[in-house]
Amino acid sequence: MHAEDAAQMFDDIARLLEFRGENPFKIRAYDNAARTLRELDEPIDALIAEDRLEDLPGIGTAIAQKIIDLATTGCVPLYERLISETPIGVVDLLRVPGLGPKRARAAYDTLGIDSLDALKEAAADGSLARVAGFGDKMSTTVLANVDRVKAYAGQFLGVEAREVAELLTARLQETDAASTVVAAGGARRRAETVRRIVLVAAGKQPAAIVDAFVGLAAVHQVVERNAGWARVQLTGGLGAELHAVTERAFPFTLLEQTGNTTHWTALQAVADSQGQVLTSQGIVDANGTSIDCGDEPAVYSALGLSWVPPEAREGRGEVDAAVTGTLPELVRLGDIKGVVHCHTTWSDGRASVDAMARAAIERGYKYMVICDHGPSSGGPNGDELLEQREEIEEVDRAVVDFNVLAGIEVDILKDGRLDLPDAALAELDCVVAAVHSHFGLSRDEQTERYCRAIANPHVDILGHPTGRQLLARSPVDIDMARVLDAVVEHKVAIEINGQPKRLDLGWRWHRPALERGVKFVIAPDAHGPETIDYLVHGIAMARKGGLTGNDILNTLPVEAFRAAFKKR
DNA sequence: GCCGTTTTCGGCCCGACTGTTTTCAGTCG
């Protein structure tokens, strides 16, 4: 089990209790437990196995038992009871941003609103605006957010889906029914969000693989199945499908199921232009002879193409590039030398400067840039900044063959000023500027705000540029073309933030940025030693965007990295 | 519901923001 699963459940319990108007301190206890679980730096299964749950802050007998119940039986009586006793649909209401338990309760009590549709209707016809705690503005916000919540339903973070897919793959492999199992679909393409998991498996008897698949413990319900295919619902809400084929058909089916559709049809068009027919079962040439391919690269090769990495298979010209052999050499994790944008206990990080640096050293990196928040997001200010600076220099001196740089993640305020004075920023090695508030400004205001911050001579990197949170918060409304022009003009790099919920700047903007000459930094936005590894998600995003190591500043050695910011 | 005890119950994090208010409540991180 993932700690996040339990954290999510405690969030839900807290919101449901709040809706029912129960003891606020009990509610806070569940919130605290959820936070503790999210900050966990080791697998929760280990804590359960070693009976150490109650050692965690905020987790006592009752909550520990609920975690154990969830992990072992998947059923937590309190949670089940709250869900069954709460009007259907209210749970959905609580997911609408801006609509907390209090307002949801008021809407339910006065207008009997118990579903997203009812909420939308009341917001549209003006009745919601008359409920205490609402107003015209609130109604408008709700109206917009309901549609978003509905659009997000049934979607999952790509990073989470990928973990589930890997687990399923391993379980299916263990059954011995399949010789090969690979997770395909959006998870393999490293899509930011996915609707379902797609597995492709090969074996002598495909039907036996399907049997094994539908029998896995994680399968909640079989939706549809036949001898070579099955679609199921997993516990936890994700859908999954399996394509079971012979070993001969495997590379072709894997290719088709990795997608996307545009990529696949482009491949079929290439085959067609050569008098061949490409299907999920194989390639047949003009003479009607099947061409055997042992693996996916062999299929591309048979079509006269260079191999296209799964991340790039989005139907955006990569097949044409494969024809002419002009696919870029995509950046790899091994290219990264420095870990930029790391938080510590000086703001909301969970580990000291020393612990973070050592974690980076263990992973083979050569330098780290500590970027705690500025004062308006709870980071150091005034003398504290100097103290932190001293601590960073101390650690820098203590470590061998590694550099620790002093940076900051300053807040971009509403008007585009930063939350630290220029004199303080001038002392730092690297300044990341990012937006953490006022997400709803108009396009003009927001763009002006961004451009003003970018123009500050001390800003080196624009952090999580759109502020989006996948499946939760839309990107800010900015004129991206103007922002990209501004970062080029002021020699500011764009961050590719590797947090699974952010993945910001998203890959669709990478090419327009690249064409303007933008440089990037791939950063984990780490808040603890483990999350340094969020770099892998940033790398995946950059690869989707078609970026090479040359486009990424933190592939440079530390001297060159510093020099890249010597514009000041 | 958790925690730290002055061991058997009383106190529990907080600041920013937003919108609804006319001095504040709800939400969010």
Side-chain angles (χ1 to χ4, degrees), chain A residues 6-7 9-39 53-69 76-79 81-82 93-110 123 128-145 149 343 347-350 372-379 381 409 411-415 419 434-442 445-446 449 464 467-469 472-474 476 499 501-502 525 527:
Chain A
M9 179 186 69
F10 290 134
D11 278 345
D12 289 348
I13 289 177
R15 298 291 77 75
L16 289 168
L17 289 173
E18 211 170 345
F19 180 80
R20 294 157 63 110
E22 302 220 14
N23 178 356
F25 294 109
K26 187 194 267 195
I27 294 160
R28 184 180 297 171
Y30 284 108
D31 281 330
N32 290 342
R35 186 175 340 118
T36 293
L37 289 171
R38 291 202 165 93
E39 290 176 356
L53 283 174
E54 290 185 48
D55 294 349
L56 298 173
I59 295 187
T61 337
I63 288 185
Q65 188 56 50
K66 289 180 177 69
I67 295 172
I68 293 167
D69 286 347
V76 177
L78 170 69
Y79 181 62
R81 187 166 63 77
L82 287 172
L93 297 184
L94 296 173
R95 284 207 303 271
V96 178
L99 201 64
K102 295 276 163 56
R103 289 198 184 105
R105 180 89 226 184
Y108 176 72
D109 285 343
T110 53
L128 188 66
R130 292 192 295 273
V131 176
F134 291 87
D136 287 337
K137 194 84 183 268
M138 205 62 223
S139 288
T140 317
T141 313
V142 163
L143 201 54
N145 287 343
V149 168
H343 294 263
S347 65
D348 58 352
R350 296 184 294 280
D372 274 301
H373 285 288
S376 62
S377 286
N381 197 358
E409 182 188 13
D411 258 27
I412 299 175
L413 303 174
K414 186 180 179 185
D415 60 1
D419 74 335
V435 158
H436 295 101
S437 63
H438 302 97
F439 300 104
L441 300 182
S442 72
E445 286 173 308
Q446 198 71 275
R449 174 195 195 191
H464 43 75
R468 74 173 179 183
Q469 295 211 334
R473 186 170 69 211
S474 301
V476 292
Q499 285 204 21
K501 275 188 174 175
R502 292 191 182 272
D525 196 354
H527 285 69

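Note: hydrogens, waters and symmetry copies are ignored here, and every other heavy atom, side chains too, is used. To find a chain, count down the sequence lines: A is the first, B the second, and so on, and within it residues start at 1.
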Would you say CZ of A:Phe19 has more than 12 non-hydrogen atoms from neighbouring residues, nucleotides or ligands within 6.0 angstrom?
yes

For B:dT8, give its Watson-Crick or G-U wobble partner with both distances under 3.5 Å, or none.
none

Looking only at B:dC2, B:dT18, B:dC28, the nucleotide nearest the A:Ala62 side chain is B:dC2

Counting any heavy atom closer than 4.0 Å, what does A:Asp136 reach on the DNA or RNA strands: base, sugar-phosphate only, or nothing?
sugar-phosphate

If you look at every strand shown and take non-hydrogen atoms under 4.0 Å, does A:Thr61 touch a base, only sugar-phosphate, or nothing?
sugar-phosphate

Just the table, please: protein N/O against nucleotides 4-14 of chain B N/O, every pair under 3.5 Å.
unit_1 : atom_1 : unit_2  : atom_2 : d
B:dC13 : OP1    : A:Arg28 : NH1    : 2.3

Side-chain atoms of A:Lys137 come closest, of B:dT20, B:dG1, B:dT18, to B:dT20

Pairs touching residues 129-143 of chain A that satisfy side chain to side chain donor-acceptor pair (under 3.5 Å), sequence neighbours left out:
none

So which nucleotide from B:dG29, B:dG1, B:dG19 ends up closest to the side chain of A:Met138?
B:dG19

Checking understanding here: a glycosidic angle within 90° of 0 is syn, the rest anti, so what is B:dT7?
syn

Given atom CG of A:Leu56 and atom C1' of B:dG1, what is their separation to the nearest angstrom?
15 Å

Using a distance-only test with no angle check, is there a side-chain donor-acceptor pair under 3.5 angstrom linking A:Glu409 and A:His436?
yes

Report which part of the nucleic acid A:Leu17 touches: base, sugar-phosphate, or nothing (heavy-atom distance under 4.0 Å, all strands).
nothing

Base, sugar-phosphate, or nothing for A:Pro24, non-hydrogen atoms under 4.0 angstrom?
nothing

Hey, could you give me the CZ/CG distance between A:Arg103 and A:Leu128, rounded to the nearest 0.5 Å?
10.0 Å

Just to be sure I understand the rule, does A:His436 reach a base, reach only the sugar-phosphate, or reach nothing, if contact means heavy atoms closer than 4.0 Å?
nothing

Side chain of A:Arg473 only, heavy atoms from C-beta on: which candidate in B:dG29, B:dC2, B:dT20 is closest?
B:dG29

If every non-hydrogen atom of A:His464 is compared with every non-hydrogen atom of A:Asp525, which pair is closest and at what distance?
CD2-OD2, 4.1 Å

Send over the distance from A:Phe439 CZ to B:dA16 P, rounded to a whole Å.
15 Å

Answer with base, sugar-phosphate or nothing: what part of the nucleic acid does A:Leu99 contact at a heavy-atom distance below 4.0 Å?
sugar-phosphate

Map A:Lys66 and A:Lys102 onto DNA chain B by nearest heavy atom, then report which one ends up closer to the 5' terminus.
A:Lys66

Of A:Ile63 and A:Leu94, the one whose closest nucleotide on DNA chain B sits nearer the 5' end is A:Ile63

How many angstroms lie between NE2 in A:His343 and CG in A:Asp372, if you round to the nearest 0.5 Å?
6.5 Å

Hydrogens and angles aside, do A:Asp411 and A:His373 bring a side-chain donor and acceptor to less than 3.5 Å of each other?
no

A:Asp348 CG - B:dC28 P separation (whole Å)
19 Å

Specify the separation, in whole Å, of atom CD of A:Glu22 and atom P of B:dC2.
15 Å

Can you tell me the distance, in whole Å, between the NE2 atom of A:His438 and the P atom of B:dG19?
10 Å

Pairwise distance CD1(A:Ile63) to CG(A:Leu78) - rounded to 0.5 angstrom
10.0 Å

